[in-house]
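A quick note: this is a predicted structure, and the numbers were derived from the prediction, not measured. Here is how names work: the chains are called A, B, and so on, in the same order as the sequence lines, proteins then strands, and each is numbered from 1. These values consider heavy atoms only, across backbone and side chains, with no hydrogens, waters or symmetry-generated copies.
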Protein chains: 2
Amino acid sequence: MATAPASHPTTDRPTGDDPRDRILAAAGREFAERGFEAATVRDICLAAGVNVAAVNYYFGEKRRLYIESVKHAHRERERQVPEPRWEPGTPPERKLRDFVGNLLERMLGFGQPDWQVRLMLRELLHPTEACRELVEDYIRPHFDGLVSILRELSADSLDAPRLRRVALSVVGQCFLYRAAGDVVGMLVPASERESHHAPARLADHVTSFTLAALGAGPPLGGAWSRGPGEGAGSDGSEDGAP
Amino acid sequence: MATAPASHPTTDRPTGDDPRDRILAAAGREFAERGFEAATVRDICLAAGVNVAAVNYYFGEKRRLYIESVKHAHRERERQVPEPRWEPGTPPERKLRDFVGNLLERMLGFGQPDWQVRLMLRELLHPTEACRELVEDYIRPHFDGLVSILRELSADSLDAPRLRRVALSVVGQCFLYRAAGDVVGMLVPASERESHHAPARLADHVTSFTLAALGAGPPLGGAWSRGPGEGAGSDGSEDGAP
DNA sequence: GATTGTTTCAAACACGCGTTTGATGCGATC
DNA sequence: GATCGCATCAAACGCGTGTTTGAAACAATC
């Protein structure tokens with residue numbers, strides 16, 4: 001069932017002459033495209049332009065090469081899309097927009113090849129031993145940053161669990177476009193996809209959706225006059241007791 | 001690197017005596033757990049209690065068995081968790097809560113084994129030839145149902161593309177818990193996970209978050225936030241038939 | 001009981017996999 | 001120039017895979 005290697009040998013061969021790096025790059029692409037089991041050491045070495053034995057010479061075994069290539073992809077992506085920094089006094093609405101924009105850019109950005117993200121995605125969806133490291137070093141700091149932005153936005157009116165759930169709502173909205181992008185593409189007309197599914201456009205949507213949910217921005221739908229006692233056509237049976 | 005089969009031979013052997021069905025069930029579990037490449041015909045047959053040659057006798061080849069087991073899982077899940085029906089006049093807030101509850105119950109529900117969902121998830125994340133069928137027959141109708149609920153909720157003040165993006169925000173919030181559940185589990189303390197990540201609790205959160213964003217419910221961070229009491233009887237007693 | 005067609009089985013087959021091996025090339029060091 | 005250590009290579013080694021085979025077990029029909 002094996003076909004040609006996933007990478008394009010003519011363009012992919014890195015100019016760097018370090019065989020170790022060439023193997024890491026080729027392995028990342030192959031693992032991202034085919035998964036750990038289906039990717040073969042032979043194809044990786046063919047794409048990297050090295051002998052089959054090189055993998056075991058430099059990495060000992062296939063599993064170790066996989067772990068190293070996940071870490072490598074993570075570092076590369078972090079270098080390519082650095083996280084935003086704000087000077088003191090930046091309004092939290094702006095921070096949220098920047099954060100979401102950065103997250104989506106990192107996940108969907110067309111500027112760079114996306115195999116790094118796809119490789120990391122595989123880890124998140126079906127964790128192996130490389131996953132916990134990835135979460136602790138990479139994801140948790142970002143997640144905590146998001147939570148503190150949301151804490152600012154809600155003016156400390158939400159407790160930590162609630163803030164975490166809101167943060168997961170934000171991440172979930174972005175995550176869908178990356179993880180299930182193919183299915184989203186089938187559900188949405190092509191014209192709309194091109195015009196409104198660019199990272200910046202999606203960031204606008206997710207941000208305003210979240211701000212509205214927190215009461216820190218205008219609601220998306222009908223008129224919602226702030227202040228108790230107004231229902232805007234709602235019959236008042238919101239969420240709690242069904 | 002192969003370990004023991006994913007299924008539990010003592011409890012999994014179906015009572016039905018049709019070998020074809022036994023193979024389908026065992027194959028679904030193995031493919032869901034390990035993926036197409038890593039799952040082996042031998043393990044599947046061991047779990048199903050049939051000879052190795054049975055797979056080729058009944059299905060011709062491994063690939064065909066995979067496709068058939070995806071379809072089988074889809075049909076089974078649809079039978080187990082039917083979509084909710086409402087009588088005319090049901091308020092859209094209630095419909096949204098039911099829809100989200102049903103979606104989460106279907107994705108996360110602990111009542112049934114979850115291998116069907118995991119198998120379908122694999123298809124969505126890395127589509128093969130079985131995917132398009134799955135989207136058109138199964139996902140699009142549900143998605144359209146959600147869009148029309150949201151249209152009701154927004155009192156026709158949002159155009160179709162905007163409605164679709166809101167719908168994707170709803171689905172994304174739920175999807176994260178299913179697809180990246182392991183990572184979510186690492187980010188959230190265990191106590192909170194147990195108390196607030198049951199399907200019904202998550203449905204409450206996603207629903208109120210969405211209603212607030214649409215202006216059809218009180219914002220989460222503002223004056224409406226209810227006191228520390230909360231907890232008002234939101235057990236899972238009322239989504240679609242479990 | 002013989003015959004026919006279907007289902008099950010243990011055994012084998014051919015192939016591709018990850019990994020190992022031992023020889024070879026090559027630059028640095030003495 | 002001899003020696004050493006590192007890097008590279010073609011070839012092979014086990015092993016597990018999906019698949020095939022040919023015979024045995026079984027059920028139904030004549």
Peer 1: Output the rounded distance in Å from CG (A:Asp43) to P (C:dG16).
Peer 2: 12 Å
Peer 1: Nearest to the side chain of A:Pro19, which nucleotide is it out of C:dT20, D:dT8, C:dA11?
Peer 2: D:dT8
Peer 1: For the base of C:dG18, is there a side-chain donor-acceptor partner from A:Arg42 under 3.5 Å away?
Peer 2: yes
Peer 1: Could a donor-acceptor pair under 3.5 angstrom be found where the side chain of A:Asn51 meets the base of D:dA10?
Peer 2: yes
Peer 1: C:dT8 phosphate, OP1 or OP2: any side-chain N/O from B:Tyr58 under 4.0 angstrom?
Peer 2: yes
Peer 1: Nearest whole Å is fine: how far is C:dG18 P from B:Glu37 CD?
Peer 2: 11 Å
Peer 1: Answer with base, sugar-phosphate or nothing: what part of the nucleic acid does A:Phe59 contact at a heavy-atom distance below 4.0 Å?
Peer 2: nothing
Peer 1: Decide yes or no on side-chain contact (heavy atoms from CB on, under 4.5 Å) for B:Asp182 and A:Val135, but give the supporting numbers first.
Peer 2: CA-CA 10 Å; B:Asp182 295 310; A:Val135 169; over 6 Å; no
Peer 1: Taking side-chain hydrogen bond (donor to acceptor under 3.5 Å, both in side chains) as the definition, give me every residue that meets it alongside B:Ser169, ordered by chain and number, with sequence neighbours left out.
Peer 2: A:Gln173, A:His205
Peer 1: Considering every strand and a 4.0 Å limit on heavy-atom distances, what is the contact class for A:Ala38: base, sugar-phosphate, or nothing?
Peer 2: nothing
Peer 1: How many Å lie between NZ on A:Lys62 and P on C:dT20, as a whole number?
Peer 2: 14 Å
Peer 1: What is the distance, to the nearest angstrom, from the CD1 atom on A:Ile23 to the P atom on D:dC9?
Peer 2: 10 Å
Peer 1: Mind calculating the distance between CZ (B:Arg63) and P (D:dT17) to the nearest angstrom?
Peer 2: 18 Å
Peer 1: Rounded to the nearest 0.5 Å, what separates atom CG in A:Asp18 from atom CZ in A:Arg22?
Peer 2: 8.5 Å
Peer 1: Does the pair B:Tyr66 and B:Glu61 meet the rule for a side-chain hydrogen bond (donor to acceptor under 3.5 Å, both in side chains), with working shown?
Peer 2: CA-CA 9 Å; B:Tyr66 174 77; B:Glu61 58 177 8; over 6 Å; no
Peer 1: Given atom OH of A:Tyr57 and atom C1' of D:dA10, what is their separation to the nearest angstrom?
Peer 2: 17 Å
Peer 1: Does A:Phe36 have A:Arg122 sitting over its ring (NZ/CZ under 6.0 Å from centre, angle to axis within 45°)?
Peer 2: no
Peer 1: Any idea which of D:dT19, C:dG18, D:dC9 is nearest the A:Val41 side chain?
Peer 2: C:dG18
Peer 1: Nearest whole angstrom, please: distance from the P of D:dT17 to the CD1 of B:Ile44.
Peer 2: 11 Å
Peer 1: Report the distance from atom CG of B:Asn56 to atom P of D:dT20, rounded to the nearest whole Å.
Peer 2: 6 Å
Peer 1: On DNA chain D, check which nucleotide each of B:Gly60 and A:Val50 is closest to and give me the residue with the more 5' one.
Peer 2: A:Val50
